[in-house]
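A short worksheet on the structure shown next.
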Amino acid sequence: QVQLVESGGGLVQAGGSLRLSCAASGRTFQTYSYTMGWFRQAPGKEREFVAAITRYYSTTIYADSVKARFTVSRDNAKNTVYLQMNDLKPDDTAVYYCAGYAGTARELSEGVEPGYWGQGTQVTVSA
């Protein structure tokens, strides 16, 4: 059974940084062969796309709201994907989820339902 487990969330002041991790487990699930995405959901809002890294070539795409502040990366040896978040703002407060998808990053950013979700990790940014 495939599991995606996020970690690294917490409370941080505005302007601070956090690094989220998404560790994948399961006999046949290798993050390098899936497009891996990060999404977030703030209270009272719909879940929104944050960033994605494509399978194999590791091309990255970002939502406009996080460009130049967030960086998505992967470590194939650890079967883990990361989201480095810098210059955090109160508007970044949300539960952050990672997702695994067998298609393209563009499709993932446009709302296609990925095949795999993590359980989420809370990020709270204080003013």
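Residue Tyr57 qualifies as open at atom OH: its count of foreign heavy atoms under 6.0 Å is 12 or below. Remark: Gln3 CD is loosely packed, at most 12 non-hydrogen atoms of other residues, nucleotides or ligands lying under 6.0 Å away. In the displayed structure, Glu113 atom CD is contacted under 6.0 Å by more than 12 heavy atoms of other residues, nucleotides or ligands.
At a threshold of 4.5 Å between side-chain heavy atoms, the hydrophobic network of Ile, Leu, Val, Met, Phe, Trp and Tyr places Leu18 and Tyr82 in two separate groups. With hydrophobic clusters built from ILVMFWY side chains whose heavy atoms lie under 4.5 angstrom apart, Met36 shares a cluster with Val66. Hydrophobic clustering keeps Ile61 apart from Ile53 (ILVMFWY residues linked when any side-chain heavy atoms are closer than 4.5 Å, directly or through intermediates). Linking Ile, Leu, Val, Met, Phe, Trp and Tyr whenever their side-chain heavy atoms come within less than 4.5 Å puts Phe70 and Val72 in one cluster. Hydrophobic cluster membership differs between Val112 and Val50, with clusters built from Ile, Leu, Val, Met, Phe, Trp and Tyr side chains linked at under 4.5 angstrom.
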### Query
Stepwise, does the side-chain contact (heavy atoms from CB on, under 4.5 Å) test hold for Gln13 with Leu88?
CA-CA 8 Å; Gln13 288 188 329; Leu88 283 161; over 6 Å; no
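The closest donor-acceptor contact from the side chain of Thr54 to the backbone of Ala105 lies at 3.5 Å or more, if one exists at all.
Nearest approach of Asp87 to Ser17, heavy atoms of both residues: N-OG, 4.3 Å. In terms of heavy atoms, Thr80 sits closest to Ser21 at CG2-CB, 4.2 Å. Across Leu108 and Ala52, no two heavy atoms sit closer than the pair CD2-CB, 4.2 Å.
To the nearest 0.5 Å, the span separating CZ on Arg106 from OG1 on Thr59 amounts to 11.0 Å. Atoms CD and CZ, on Gln30 and Arg55 in that order, are 14.5 Å from each other to the nearest 0.5 Å. Between atom CD of residue Gln122 and atom CG of residue Leu11 there is a gap of 9.5 Å, rounded to the nearest 0.5 Å.
Contact check for Ser33 versus Tyr56: side-chain heavy atoms found under the 4.5 Å cut-off. The shortest side-chain heavy-atom distance between Thr31 and Asn76 falls under the 4.5 Å cut-off. Using a 4.5 Å heavy-atom threshold, the side chains of Ser73 and Gln84 count as separate. Between Tyr32 and Asn79, every side-chain heavy-atom pair lies at or beyond the 4.5 Å cut-off. Within the 4.5 Å cutoff, side-chain heavy atoms of Met85 are placed close to those of Leu20. Glu6 has its side chain within reach of Trp38: a pair of non-hydrogen atoms, C-beta onward, lies under 4.5 Å apart.
Relative ring orientation between Tyr34 and Phe29 is described as parallel, the plane-to-plane angle staying below 30° on a 0-90° scale split at 30° and 60°.
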Review item, side-chain donor-acceptor pairs of residues 95-102, under 3.5 Å, at least two apart:
from   : atom 1 : to     : atom 2 : distance (Å)
Tyr96  : OH     : Arg40  : NH1    : 2.9
Tyr96  : OH     : Asp92  : O      : 2.6
Tyr101 : OH     : Glu107 : OE1    : 2.8

